[in-house]
*Asks:* 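Okay, handing you the structure first.
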Amino acid sequence: MIISIGSDHTGIDHKCLIKNFLKKKGYKIMDFGFNERNGKKVDYPDFIHPTVKYVNDGIAHFGIVICGTGNGAAMIANKYKRIRAALVWNKEITVLARKHNDANVISLPARFIKKSKILEIIKIFFITNFDEGRHRKRIDKIPINS
Ligand code: RB5
């Protein structure tokens with residue numbers, strides 16, 4: 001399975017932990033940066049757009065995006081037609097993002113999730129399946145034409 005991942009400067013450490021964890025589990029990781037640990041501050045859209053486009057284009061199966069609040073990254077991700085991005089910060093929200101929303105991208109708020117908690121969320125995201133049933137009809141109603 002191919003996972004696309006990207007962050008701005010706030011998410012470098014979280015991204016590194018996630019990448020190492022997923023690589024050990026056999027996932028193929030495509031990292032779109034940012035990776036420079038030199039104090040440079042970058043604009044999150046420059047890294048989140050390519051990360052999410054990779055999922056939207058069907059190359060990666062899932063995406064993980066990270067910024068300080070998770071909001072900017074989620075806003076970008078949800079501009080893409082085939083993306084359902086969920087802002088997640090704990091296990092319960094993550095389970096429901098998969099079960100109810102069939103999220104194919106998660107957005108993590110680096111400034112509000114302890115690094116010690118991040119792998120629990122990642123684990124849960126990848127082992128939880130979409131519930132289908134009534135939720136299929138609902139996610140089918142999400143896209144707009146305008
Ligand atoms: C960077 O300071 C911060 O604005 C960014 O990481 C993110 O939180 C935006 O939504």
Side-chain angles (χ1 to χ4, degrees), residues 1-19 21-22 27-132 134-146:
M1 190 178 297
I2 304 173
I3 312 299
S4 175
I5 189 165
S7 75
D8 66 4
H9 52 282
T10 65
I12 296 175
D13 290 344
H14 293 73
K15 184 154 63 67
C16 195
L17 279 171
I18 295 167
K19 274 172 61 179
F21 174 76
L22 290 178
Y27 292 87
K28 191 165 177 249
I29 310 297
M30 186 62 202
D31 180 1
F32 286 92
F34 176 68
N35 288 313
E36 291 172 32
R37 294 173 188 277
N38 54 11
K40 187 176 165 192
K41 294 188 191 323
V42 294
D43 298 333
Y44 59 88
D46 297 341
F47 302 89
I48 305 305
H49 274 297
T51 306
V52 169
K53 190 171 182 299
Y54 215 63
V55 182
N56 193 62
D57 289 348
I59 305 168
H61 299 89
F62 291 98
I64 301 169
V65 291
I66 312 167
C67 68
T69 60
N71 272 326
M75 286 176 192
I76 291 171
N78 281 316
K79 294 282 178 200
Y80 289 78
K81 200 176 167 191
R82 285 176 287 278
I83 298 299
R84 284 178 305 281
L87 172 60
V88 302
W89 60 90
N90 65 28
K91 287 196 285 185
E92 293 78 10
I93 290 278
T94 307
V95 166
L96 293 173
R98 287 290 307 129
K99 281 189 168 190
H100 290 188
N101 311 115
D102 197 20
N104 54 4
V105 169
I106 45 171
S107 184
L108 300 164
R111 291 197 167 120
F112 300 90
I113 299 186
K114 289 197 178 82
K115 287 197 268 300
S116 58
K117 294 276 171 212
I118 203 88
L119 295 183
E120 287 178 0
I121 289 173
I122 298 300
K123 253 183 249 172
I124 287 280
F125 181 69
F126 286 108
I127 62 169
T128 308
N129 292 319
F130 181 42
D131 267 354
E132 294 284 350
R134 68 187 189 279
H135 300 294
R136 166 65 61 193
K137 181 170 62 107
R138 292 169 186 170
I139 67 162
D140 286 348
K141 289 183 178 182
I142 293 176
I144 55 166
N145 293 320
S146 60

*Asks:* Rounded at 0.5 Å granularity, tell me how far CD1 in Ile18 sits from CG in Asp31.
*Replies:* 10.5 Å
*Asks:* With sequence neighbours left out, write down each residue that passes side-chain hydrogen bond (donor to acceptor under 3.5 Å, both in side chains) with Thr69, or none if nothing qualifies.
*Replies:*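 Here no residue qualifies.
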*Asks:* If the condition is salt bridge (Lys or Arg N to Asp or Glu O under 4.0 Å), which residues does Asp131 pass it with, not counting sequence neighbours?
*Replies:* none
*Asks:* Under the rule for ring pair (Phe, Tyr, Trp, His ring centres under 6.0 Å), what residues qualify as partners of His49, not counting sequence neighbours?
*Replies:* Tyr80
*Asks:* Using side chain to side chain contact (heavy atoms under 4.5 Å, CB included) as the criterion, list what pairs up with Phe47, not counting sequence neighbours.
*Replies:* Phe34, Val42
*Asks:* Under the side-chain hydrogen bond (donor to acceptor under 3.5 Å, both in side chains) rule, collect the residues that match up with Glu120, sequence neighbours excluded.
*Replies:* none
*Asks:* Check whether any side-chain N or O of Asn104 sits under 3.5 Å from a backbone N or O of Arg84 as a donor-acceptor pair, and report yes or no.
*Replies:*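 A pair under 3.5 Å: yes.
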*Asks:* Between His14 and Ile113, is there a donor-acceptor pair closer than 3.5 Å when you use the side chain of the first and the backbone of the second?
*Replies:* yes
*Asks:* Enter the distance from Ser107:OG to Ile48:CD1 here, rounded to the nearest 0.5 Å.
*Replies:*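 Ser107 atom OG to Ile48 atom CD1 measures 7.0 Å (nearest 0.5 Å).
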*Asks:* Kindly say whether the aromatic ring centers of Tyr27 and Phe21 come within a distance under 6.0 Å.
*Replies:*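 Distance test on ring centres: not under 6.0 Å, no.
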*Asks:* Under the side-chain hydrogen bond (donor to acceptor under 3.5 Å, both in side chains) rule, collect the residues that match up with Arg111, sequence neighbours excluded.
*Replies:* none
*Asks:* Once rounded to the nearest 0.5 Å, what's the spacing between atom NZ of Lys117 and atom NZ of Lys91?
*Replies:*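 If I round to the nearest 0.5 Å, the distance is 7.0 Å.
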*Asks:* Looking at Asp43 and Pro45, would you say the former's side chain and the latter's main chain have a donor-acceptor pair under 3.5 Å?
*Replies:*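 No; judged by distance alone, with no hydrogens or angles, the pair does not exist.
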*Asks:* Counting distance only, does the side-chain N/O of Arg98 pair as donor-acceptor with the main-chain N or O of Thr128 below 3.5 Å?
*Replies:*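 Confirmed, Arg98 side chain pairs with Thr128 backbone.
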*Asks:* What closest approach, in Å, do Leu108 and Ile118 show between heavy atoms, and which atom pair accounts for it?
*Replies:* CD1-CD1, 3.9 Å
*Asks:* Which residues pass the salt bridge (Lys or Arg N to Asp or Glu O under 4.0 Å) test with Arg37, not counting sequence neighbours?
*Replies:* Asp13
*Asks:* Ignoring hydrogens and angles, tell me if any N or O in the side chain of Asn90 forms a donor-acceptor pair with the backbone of Ile93 under 3.5 Å.
*Replies:* yes
*Asks:* Side chains of Lys15 and Asn35 only: does a donor on one sit below 3.5 Å from an acceptor on the other?
*Replies:*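 Yes - a donor-acceptor pair under 3.5 Å links their side chains.
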*Asks:* Could you grab the distance from atom CD1 of Ile139 to atom CG of Asp102, nearest 0.5 Å is fine?
*Replies:* 4.5 Å
*Asks:* For Asp140, what residues pass the side-chain hydrogen bond (donor to acceptor under 3.5 Å, both in side chains) criterion, not counting sequence neighbours?
*Replies:* none
*Asks:* Sequence neighbours left out, what passes side chain to side chain contact (heavy atoms under 4.5 Å, CB included) with Arg138? Give chain and number order.
*Replies:* Arg134, His135
*Asks:* Who passes salt bridge (Lys or Arg N to Asp or Glu O under 4.0 Å) against Lys79, sequence neighbours left out?
*Replies:*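 Testing Lys79 for salt bridge (Lys or Arg N to Asp or Glu O under 4.0 Å), a comparison that skips the adjacent residues, returns none.
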*Asks:* Can you measure from CZ (Phe112) to CG (Leu87) and round to the nearest 0.5 angstrom?
*Replies:*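 Answer for the CZ-CG pair, Phe112 versus Leu87, is 10.5 Å.
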*Asks:* Can you name the salt bridge (Lys or Arg N to Asp or Glu O under 4.0 Å) partners of Lys99, sequence neighbours left out?
*Replies:* none
*Asks:* Side-chain polar contacts of residues 57-68 - donor-acceptor pairs under 3.5 angstrom, sequence neighbours left out - could you list them?
*Replies:*
from  : atom 1 : to    : atom 2 : distance (Å)
Asp57 : OD2    : Lys53 : NZ     : 2.8
His61 : ND1    : Ile2  : N      : 2.9

